[in-house]
Chemist: 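Here it is, the structure in full.
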Protein chains: 2
Amino acid sequence: MAYQQYMHWAIELAKRGFGSVEPNPLVGCVIVNPEGEVVGEGWHKHFGKEHAEINALQDCRLKGLSPSGCSVYVTLEPCSHYGKTPPCAAALIEAEVAEVIAAMEDPSEKVAGRGFNMLRKAGIKVEAGVCREQAELLNPAFIKQSRHSRPWVILKWAQSIDGYMSETSPEGQDLWLTSEASRENVHRLRRSCDYILAGIGTVLADDPLLTARPSHGRSPHRIILDSKLRITADMRLSQSIDAAPLTIFTLSEDQEKIQTLTDCGVNVVQAQRDENGRCSIRGVLDKLAAKNAQRVMVEAGPELLTEFIRCGLADELWIYTAPKMLCSAGKDSLPKAMAGLPGSGLYHSQFTPFGEDIRLTALTRPVSEI
Amino acid sequence: MAYQQYMHWAIELAKRGFGSVEPNPLVGCVIVNPEGEVVGEGWHKHFGKEHAEINALQDCRLKGLSPSGCSVYVTLEPCSHYGKTPPCAAALIEAEVAEVIAAMEDPSEKVAGRGFNMLRKAGIKVEAGVCREQAELLNPAFIKQSRHSRPWVILKWAQSIDGYMSETSPEGQDLWLTSEASRENVHRLRRSCDYILAGIGTVLADDPLLTARPSHGRSPHRIILDSKLRITADMRLSQSIDAAPLTIFTLSEDQEKIQTLTDCGVNVVQAQRDENGRCSIRGVLDKLAAKNAQRVMVEAGPELLTEFIRCGLADELWIYTAPKMLCSAGKDSLPKAMAGLPGSGLYHSQFTPFGEDIRLTALTRPVSEI
């Protein structure tokens, strides 16, 4: 294997942690002996558990091999601090590895070069920046939070090939647009986020749970923008507080209704008013930033999605397209809602199949400009 | 390999002929000895050249092996007639194969079971219908022409993720929407067709050639619907008659202009008038059917594309989607043009990546209902 291919493999390993390790970054690690053979592989698997380097060292030792004198390819600078686990840099020093090739520095305040320094001081050769862009693409939200203390906003929607977000049966019933495989993938995306945000329109139309299912112990906090406080205590959202927290941002001061919801365990918060008399999405994101939110997923109708794009607040798009041409059976045309907006460049775009559907993921700016 | 896997492999081989064998059908063939080993592979490679069975027999013999006593998996009934090549059924009989497993009968009048009969009379076991649907999907146009003597109409277009067919630069220039890989694929699709049809709007906007490039000796006949005869003799279409024939359907009776175009070698034909005072697309297709047209590709703007869908005249869609969100930089919104139509079911849909883009192919009805 060539030099960069070890790092590509470490990046692939890192991806396996998606939906399980957040708000930690996805990290992968490959240990290569002087003969160029891979002797250990690891990735960060679960939030609060061993980091990628530790798992790779363990993999090596379980095979009866020694990491001493080896090269370590890791997608992120090894940590230097005692968090939920001891520092990886110390473990690598103890293992007497010869060199550490990292794809990128850890931008978080707790590390920020200290891991590299620890290694260098111990006489280990350090190289940084191999496959940097691909490694940064593993963790754009982590980078944004580290650098700007702002949450990363992911807009997710499903559409037909002609841009409708929902399908109405001849009897007027709403139908599933996408395949089961796509919907499963949405639940994985939910598990990767700390907040899921929706508008009251979606709530009234679908009475959704907005939980990650199965949760695998990960329950993103649900946020509803509901300026007139139209949600009721008998809706599935209000009735599922045990599954995941629920916060309603509202402009309403109907104390009685607020009390009823509060009694159910719903958190009702006064929002800022935007220039159109609705809950200000900037204001909501400010409040989430103050709570160290890292990944906020928006599952909404055309109006609210468009508002995020108009305000330049969307960082990433996940668009599932079903092979359907709905025409007059279509509801909620996104092209129509977006027609007036300035076009948005899409970067690092990728199409991935899910059952009959295709998913487009893309960032709204280059990862190097986060 | 299991029973059906041989046929799957024959189907994959058949696909290699796409863009080279039409109006002949795509056919693939795999020869398997009694031990279950593949001893010969072949596919129909070029129009007028050897059929798949002959190529597979030759492959077997070139390897120094004998097809005698073998099983022959072929995606279409072997032919029984002397056309540009001698009958394949006779070659299989001469080769003393033990059995022929065909995915489907040849629906064309010239064969229609006669190939199977020849084989059976010679004592060869014949089985038909293995993987029939996949095999039919190789050649829907061939099936339609055989059964109904009508051309198969393929609508091709490119769109942004929000449904625009073209992009305007800030300076007002039209930009390429799709990647080079997509455009190459369009040229292959053109090579597979005998006619390419466009509207005068596309011609005036883009001054296109509408030829297959590189042509590999295949030059689909170009058809323009131009009710008012706005095309001129100096346009690239009129100036490229040597590369491919050009027919203009018009309602105009401007004899002088017709003469000028005719002098360039352009074929000008009077069209039927439809209820909106334009060239009737039904009338055009009738004339193409009379000329035994098999595959007609439509490369047009939203209005003409929509007209084909509205009239139920579209058999197949090829939609290239570029990872772009154009919004106000978009031109020619297809969702807008199609909004009033009844939705169309899409069948046998498949997404395939081309460079940064994704291509959706689908039929507008199940292949079993052609």
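What you see is a predicted model; the values in this text were computed from it and never measured. Proteins come first, then strands; the chains are lettered A, B, ... in the order of their sequence lines, and each starts at number 1.
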Chemist: Using a strict cut-off of less than 4.0 Å between a Lys/Arg side-chain nitrogen and an Asp/Glu carboxylate oxygen, indicate whether A:Arg310 and A:Glu307 qualify as a salt bridge.
Modeler: yes
Chemist: Looking only at heavy atoms and a cut-off of under 4.5 Å, which of B:Ser160, B:Pro335, B:Ala329 has the most pairs with chain A?
Modeler: B:Pro335
Chemist: Chain B heavy atoms under 4.5 Å from A:Ala339: which part of the residue, side chain, backbone, both or neither?
Modeler: both
Chemist: Identify which of B:Glu356, B:Met325, B:Lys336 forms the greatest number of heavy-atom pairs closer than 4.5 Å to chain A.
Modeler: B:Met325
Chemist: Would you mind checking if B:Asp315 and B:Arg365 are paired as a salt bridge, meaning a charged N to carboxylate O distance below 4.0 Å?
Modeler: yes
Chemist: Is A:Ile319 close to chain B through its backbone or its side chain, or both, or neither, when contacts mean heavy atoms under 4.5 Å?
Modeler: side chain
Chemist: Side chain, backbone, both or neither: which part of A:Leu360 has a non-hydrogen atom closer than 4.5 Å to chain B?
Modeler: side chain
Chemist: Relative to chain B, which of A:Ser333, A:Pro342, A:Gly330 shows the most heavy atom pairs under 4.5 Å?
Modeler: A:Pro342
Chemist: For A:Pro323, is it the side chain, the backbone, both or neither that has a heavy atom under 4.5 Å from a heavy atom of chain B?
Modeler: both
Chemist: Is it the side chain or the backbone of A:Gln159 that comes within 4.5 Å of chain B heavy atoms, both, or neither?
Modeler: side chain
Chemist: Can a salt bridge be assigned to the pair B:Lys144 and B:Glu316 using a cut-off of 4.0 Å between side-chain N and carboxylate O?
Modeler: no
Chemist: Sort A:Ile161 into side chain, backbone, both or neither according to what part of it lies under 4.5 angstrom from a heavy atom of chain B.
Modeler: both
